[in-house]
Amino acid sequence: MLLLFLLLSSSLIVLAERCHPDDKAAILKFKNSFSNGPELLPMWSLDRDCCSIFDCDEVINRVVDFSLTYSNLAGTIPDAIGDLTYLKTLRLHKMPFLVGEIPRAVVRLKHVTFFDISWTNVSGHVPPFLAELKSVMFIYLSYNNLSGPIPSSLSTLPNMIGLDLSRNRLVGPIPESFGHLVSPALQGLSLSHNMLSGEIPTSLGNMIIYRIDLSRNNLSGDASMLFGASKNTSEINISRNNFEFDFSRVSFMTETLVTLDVSHNKIYGKIPSQILKAFMLQALNVSYNRLCGEIPSGWKLRYRSDGFDNSSFVHNRCLCGSPLTQCK
Ligand SMILES: *[C@@H]1O[C@H](CO)[C@@H](O)[C@H](O)[C@H]1NC(C)=O
Ligand SMILES: *[C@@H]1O[C@H](CO)[C@@H](O)[C@H](O)[C@H]1NC(C)=O
Ligand SMILES: *[C@@H]1O[C@H](CO)[C@@H](O)[C@H](O)[C@H]1NC(C)=O
Ligand SMILES: *[C@@H]1O[C@H](CO)[C@@H](O)[C@H](O)[C@H]1NC(C)=O
Ligand SMILES: *[C@@H]1O[C@H](CO)[C@@H](O)[C@H](O)[C@H]1NC(C)=O
Ligand SMILES: *[C@@H]1O[C@H](CO)[C@@H](O)[C@H](O)[C@H]1NC(C)=O
Ligand SMILES: *[C@@H]1O[C@H](CO)[C@@H](O)[C@H](O)[C@H]1NC(C)=O
């Protein structure tokens, strides 16, 4: 009786194997391409159902989520990654010894919506072929060792919601095409902490965007098109660039603006009093610019009991009034 039970249950385990052989082969190839793969990933083995390690789709039994984080795997991303053709999520995060370029094989991931290779030492260019990932909604490539320009082809991704290329060594301008995104609404764009330069394209004024972070680059020109009372933007950070424009002409998104940091630029003019209507504002920084005139007073902020302290306004040409010194 016991023997029968054991036989039954072991055959049940065999029957219960859901992993598709192609996915299993791809995962083993992935592991074995790293010199320390067999040592670090002993549980990825031939006799283990890969659907017990990774999320598989219930219906088609294919691996849909390949997430590997905090791993010391040493080597380059193998082409085998492209064999996991049903992936919706690819996440290689916090892998300091992952090096080399992002392989072209990733374009075979036709269903991928979340493409995240971040906090690794992947280098080379941001590949223009990522524009072939037509299902992708999020591309996160922050904290890598990527260099070269931003490929303008990324603007053609029809479903893109978030793009984060921050903390790399990217150079050159923001592509003009980013103002003509095919995707109807980009919720977040972060290009911060790179070495981008050149004038910001005026086309960016067309963007419908909720969060934009261009801080810590060497961008120049007139960034006033990012503003406008009719937009829905909630966070703008253009701190530490070379932007030069007249702040007096800017109008703010009074219903939605939560964070505004324009510090360390060459912005001139005065702070428009219309900013007082931005009742959602929680962080404001206009310090280290060339602003002049009286700081508007009479904040009616929903989430802050008072206004902003002097570090939000210091180091301008001649700003005055509370919380700085009285105007003469
Ligand atoms: C890249 O490698 C260097 C050492 O070679 C290491 O200090 C750094 O933390 C790595 N970067 C990431 C994001 O892991
Ligand atoms: C970053 O990439 C450059 C080449 O683009 C290379 O010389 C450097 O060693 C890389 N840094 C790390 C930590 O891998
Ligand atoms: C804006 O970006 C700078 C540099 O990346 C950062 O130090 C600062 O905290 C950001 N400002 C806000 C309000 O988040
Ligand atoms: C930043 O750009 C300006 C031109 O706008 C140029 O003169 C300057 O050398 C650049 N700085 C760096 C650090 O690249
Ligand atoms: C702002 O958001 C509202 C509601 O979320 C939406 O109806 C409106 O079309 C948006 N306007 C713009 C310019 O995106
Ligand atoms: C900012 O305020 C602090 C006290 O809150 C004061 O010590 C400091 O001198 C002020 N700095 C300027 C530039 O007004
Ligand atoms: C404003 O920015 C300056 C310079 O980047 C920074 O020193 C200061 O702490 C910031 N103040 C606030 C309130 O964010």
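For ligands, and for the atoms within them, numbers begin at 1 and follow the listed sequence.
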Checklist line | Element-labelled atoms of ligand 6 that are located less than 4.0 Å from some non-hydrogen atom of N310 | finding: 1 (C), 2 (O), 3 (C), 8 (C), 10 (C), 11 (N), 12 (C), 14 (O)

Note to self: If I take atom OG1 from residue T202 and atom CG from residue D222, how far apart are they, to the nearest 0.5 angstrom?
What the structure shows: 9.0 Å

Next item on the list: Would you list the pairs meeting salt bridge (charged side-chain N to carboxylate O under 4.0 Å, His left out) in which at least one residue belongs to residues 128-148, sequence neighbours left out?
Entry: R104-E132

Check: Salt bridge check: are D83 and R108 linked by an N-O gap of less than 4.0 Å?
Finding: yes

Check: Do N168 and N144 pass the side-chain hydrogen bond (donor to acceptor under 3.5 Å, both in side chains) test, and can you show the C-alpha distance, the side-chain angles, and the key distance before you say yes or no?
Finding: CA-CA 5 Å; N168 281 288; N144 289 305; 4.5 Å; no

Next item on the list: Output the set of protein residues with a heavy-atom contact under 4.0 Å to ligand 2, ordered first by chain identifier and then by residue number.
Entry: N121, S123, N145, R169

Notebook entry, point to check: Would a line drawn from the ring center of F34 to the ring center of F97 be shorter than 6.0 Å?
Noted result: no

Note to self: Quick check on ring-ring contact (aromatic ring centres under 6.0 Å, His included): which of Y86, F115, F54 does F66 satisfy it with?
What the structure shows: F54

